[in-house]
Every structure is written in structure tokens, then in C-alpha cells.
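All values reported here derive from a predicted model rather than from experimental measurement.
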Amino acid sequence: MQRRHFHQVLGAVLAGSSLLGASSVGAQGNRVQLRAGDQKGGLKALLDAAGETKDLPYDIKWSEFPAAAPLAEALNARAIDFGIIGDAPLLFSLAAGSAAKAFAAQRSDAYGTAILVRPDSAFQSVNDLKGKSIATNRGSIGHFVALKALDAAGLPLDSVQFKFIPPADAKLALTQGAVDAWATWEPYTALAETSQHARVLVNGRGLWSGLSFLAATDVALKEKREALQDFKQRVARAQIWSYKNADAYGQSLAKIIGIPVAAATLQFERRAMRWQDIDAAVIADQQRTADFYVKARLLKQKLEVEATFDKSFRLL
């Protein structure tokens, strides 16, 4: 069963790589190849636009995933070396026994991680969702924000019915009335708002830390350390470049990830993303997230998160 699951994950990775036009393995046998896991509107779009993929001293083989959960599965199977992943999905991966560790942190404004409802919905607060259905990815940051919103409102965490389906299916389920709400993240929130097929009922400010990470397998951290350090520097520089060139980047981002300019620009500007080293505040926020998942009974036992970070990678 495990072997079949590994091959399913590996097949998805290979399919994603071919769609993205992975960079050359290189004629020289000694060139390092980083197998990178990406999500829609993520790392590749940013690095390409900033010119940070030019003249690389290593090769990058890109694989795109629709959400963090399948990316985490690929990390667990060592089908990719590293990828960008939210705080909650990383916790589930680690709780499942993954040897992956986070080596860089990104903070962003949490607004766009939100619970959406149809524009004509009568719902005005999370309290109105009691007894209703919410579509989301299990273990995603959308799932986390929905649970935190219920908890903050004093509602039992089982007072709604969660339907665990991927973003494309969740969007359809919401617009067709098959579910009452959708807990999701950017760029899906911005797409829903700008196309006016949904509105934000609850946003993630005050509910979610806004953290996501670059996480790598134990093997990659050991054998491809220099390349991973260089990649971290490049993505941090690219993020700074993007906000200095917001208009141009918004146009480029829309083309690269295939969404309207208005949605691309909205989600980019309001996220205010910045890359940083792993520090005590990052670890404390991640521990609070882990403890909440124990409270929500989605983690069976307390998880000490500090050992799941590699703090030796520093921005220069």
C-alpha cells in the first residue's frame, strides 16, 4: 500500500515537472539539481520575474502542486528536495514522521486566508455557520483559520461540517450551493473577490500567524546545503525586488500563473510578504499552532516543534 502511494505521489511530481518545463539537468555530471516543490503563484513566478533564475550555479527541476498537502506528501516520499509549505501542513507532515525541516520563514498579512461565502449569502459572522458546511483542504491553512474562527467565537469545533476537497472543486461547490462556505487562501481569495463570485466572511487577521516556510528533506539539507542556502538568498532578494516593482510584477505574475491582473495584484500587495531567518518568534508561533491542533484533536499528541527547524541557514 505504501509503495503504491509513493508511486502515485511520484507520478504527480513528474507530471507537474513536465508542465512547468523543468530546467536542464546539465551536461556536466557534477552539477547539483534541486527538485523544488511549488504552489500556484509561488516561487517560480517570483524568481523568474526578478531575474533570479538566470546564471544559476545549479539546476532546478520544478514541480507544481495545487495545495500544500500533496507537496508535503512528495517531501515525505523524498520525491522532491524542498518546497514552500504553510505552517499547518508542515505540522501534519512532521507529525506523520517526516524527516523534513524548515530552513527559511516567510511572514505575510493573514487577511487573504479566509472563509468565503457567496455574495448573496445572508451570513454576517462565523456564528451564522453553525450547523453549516465548509469546504477546504484537510490540514491546510484555510482549515486552520476556519477552526480558529470557530474557537474565537466560542463555538464547538464540530459545530460545522467540513468537506475536504481541493480548491478547484471547493470553488465550484460554493458557487453551485453544494457547500455554505469555503475556507481558502491566496490567490484563491483574491480571485473570488475580483470575479465577485464570493465575499470574505472572516479573514485571517488575528487568527493565523501568516507564516509559511521553505522546508527540505534531511537528505537535501545534508547533501545540497550550499544550493539551498543560495536559493534562500535569491528568493529573499526577489521578494524585496517585487515590492519595489509592484506594478510590473503584478503584470508579470498574472501572466505566469494564469490569473487576471486585478487578482494577481490584489493578493500580492495585501500579503506584504517578507522572508526571514528562523528565530524564536517563528518557533513560538509554530508551537502555538501545534498546540491548537492538539486542542482540535487533529494532532493526537503534543508536538515539540523546535527540533523541526534548521536554524543554521542565515540571510546574508
- Can you list the steps and then say if R199 with V117 is a side-chain contact (heavy atoms from CB on, under 4.5 Å)? CA-CA 6 Å; R199 62 177 172 85; V117 295; 3.7 Å; yes

- Item | Close side-chain approach of I115 and L129, heavy atoms under 4.5 Å | yes

- Message: Strictly distance-based, threshold 3.5 Å: is any side-chain N or O of D230 a donor or acceptor partner for the main-chain N or O of E226?
- Response: no

- Message: Please check: side-chain N/O of T194 versus main-chain N/O of A190, any donor-acceptor pairing under 3.5 Å?
- Response: yes

- Item | Centroid-centroid under 6.0 Å between Y249 and Y243 rings | no

- Message: Using side-chain contact (heavy atoms from CB on, under 4.5 Å), reason through R205 and D109 one step at a time and then give a plain yes or no.
- Response: CA-CA 7 Å; R205 289 175 181 163; D109 189 313; 2.9 Å; yes

- L253 and Q267: which non-hydrogen atoms are nearest, and at how many Å? CD2-NE2, 3.1 Å

- Any donor-acceptor N/O pair, D169 side chain to P166 backbone, under 3.5 Å: no

- Does a side-chain heavy-atom distance below 4.5 Å link F231 with L214? yes

- Message: Looking at S195 and L191, would you say the former's side chain and the latter's main chain have a donor-acceptor pair under 3.5 Å?
- Response: yes

- Task: Following the transitive rule for hydrophobic clusters with a side-chain heavy-atom cut-off under 4.5 Å over Ile, Leu, Val, Met, Phe, Trp and Tyr, establish whether F164 and I134 coincide in one cluster.
- Result: yes

- Item | Residue pair T289 / W208, side-chain heavy-atom distance below 4.5 Å | no

- Verify whether one side chain among D87 and S209 offers a donor that lies under 3.5 Å from an acceptor in the other. yes

- Passes salt bridge (Lys or Arg N to Asp or Glu O under 4.0 Å), D59 versus R31? Steps please. CA-CA 7 Å; D59 297 309; R31 275 179 70 86; 3.1 Å; yes

- Residues, nucleotides or ligands: over 12 heavy atoms within 6.0 Å of D120 CG: yes

- Query: What is the minimum heavy-atom distance between L75 and I80, and which atoms define it?
  - Reply: N-CG1, 3.9 Å

- Report, as yes or no, whether the 6.0 Å neighbourhood of atom NZ on K302 holds more than 12 heavy atoms from other residues, nucleotides or ligands. yes

- Decide, yes or no, whether a salt bridge links K44 with E64 under the criterion of side-chain N to carboxylate O below 4.0 Å. no

- Name of the residue among F309, F313, F103 meeting ring pair (Phe, Tyr, Trp, His ring centres under 6.0 Å) with F213: F309

- Task: May I ask whether V145 and V200 are part of the same hydrophobic cluster, defined by side-chain heavy atoms of I, L, V, M, F, W, Y residues being less than 4.5 angstrom apart, directly or through others?
- Result: yes

- Item | Verdict with reasoning, W185 to N137, per side-chain contact (heavy atoms from CB on, under 4.5 Å) | CA-CA 10 Å; W185 54 91; N137 273 55; 4.0 Å; yes

- Message: Quick one, M273 and S242 - any side-chain contact, counting heavy atoms below 4.5 Å?
- Response: no

- Task: Search all heavy atoms of A49 against all heavy atoms of S252 and return the closest pair with its distance.
- Result: CB-OG, 3.6 Å

- Message: Please identify which of these residues, K224, K61, Q33, meets the side chain to side chain donor-acceptor pair (under 3.5 Å) condition with D81.
- Response: K224

- Which atoms form the tightest heavy-atom contact between Q196 and P119, and what is the distance? O-CG, 3.2 Å

- Task: Could you walk me through whether L150 and K130 pass the side-chain contact (heavy atoms from CB on, under 4.5 Å) test, one step at a time?
- Result: CA-CA 9 Å; L150 293 170; K130 185 176 181 180; over 6 Å; no

- Can you tell if the side chain of Q286 reaches within under 4.5 Å of the side chain of L90, non-hydrogen atoms only? yes

- Item | Residues that E52 engages under salt bridge (charged side-chain N to carboxylate O under 4.0 Å, His left out), provided they are two or more places apart | R234, R237

- Hey, are R270 and S108 close enough side-chain-wise for a donor-acceptor pair under 3.5 Å? no

- Kindly work out whether a path of hydrophobic side-chain contacts (I/L/V/M/F/W/Y, heavy atoms less than 4.5 Å apart) joins Y188 to L266. no

- Query: What's the spacing between L91 CG and S98 OG if we round to 0.5 Å?
  - Reply: 11.5 Å

- Message: Using ring centroids (six-membered ring only for Trp), state whether F292 and F144 fall under 6.0 Å.
- Response: yes

- Message: Pair Q229, R225 - check side chain to side chain donor-acceptor pair (under 3.5 Å), show working.
- Response: CA-CA 6 Å; Q229 174 65 45; R225 183 178 186 83; over 6 Å; no

- Query: Just by modelled atom types, is the G112 backbone N or O under 3.5 Å from a matching donor or acceptor in the T189 side chain?
  - Reply: yes

- Task: Check for a donor-acceptor pair, side chain of R35 on one end and backbone N or O of R78 on the other, with a separation under 3.5 Å.
- Result: yes

- Message: So which atom in A183 and which in T136 form the shortest heavy-atom distance, rounded to 0.1 Å?
- Response: O-OG1, 2.8 Å

- Are the side chains of R314 and K232 in touch, meaning some heavy atoms are under 4.5 Å apart? no

- Mind checking whether L46 and V261 sit in one hydrophobic cluster, side chains of I, L, V, M, F, W, Y counted as touching below 4.5 Å? no

- Note on the structure: The reported gap from CG in L71 to CZ in F65 (rounded to nearest 0.5 angstrom) is 5.0 Å

- Note on the structure: CG of D38 to CD1 of I85, rounded to nearest 0.5 Å, is 12.5 Å

- Note on the structure: Heavy-atom nearest pair, L299 first then A290, reads CD1-O, 3.7 Å

- Item | K163 side, atom NZ; L174 side, atom CG - distance, nearest 0.5 Å | 11.5 Å

- Message: Let me confirm one number: the CG-CG distance from L155 to N127, rounded to the nearest 0.5 Å.
- Response: 5.0 Å

- Query: Does the side chain of S133 reach to within under 4.5 Å of the side chain of V160, using non-hydrogen atoms?
  - Reply: no

- Is a side-chain donor or acceptor of T175 paired with a backbone partner of K171 at a separation under 3.5 angstrom? yes

- Do the side chains of I165 and F162 join up, straight or via other hydrophobic residues, at under 4.5 Å, putting them in one cluster? no

- Item | Heavy-atom side-chain proximity of T217 to F82 below 4.5 angstrom | no

- Item | Carboxylate-amine/guanidinium proximity below 4.0 Å for D285 and R107 | yes

- Message: Using a 3.5 Å distance criterion without hydrogens, assess whether the side chain of T265 forms a donor-acceptor pair with backbone atoms of A262.
- Response: no

- Would you give the length of the straight line joining atom CG of L207 to atom CD1 of I141, rounded to the nearest 0.5 angstrom? 12.5 Å

- Message: Can you see whether Q287 engages D291 through a side-chain donor-acceptor pair at a distance of less than 3.5 angstrom?
- Response: yes

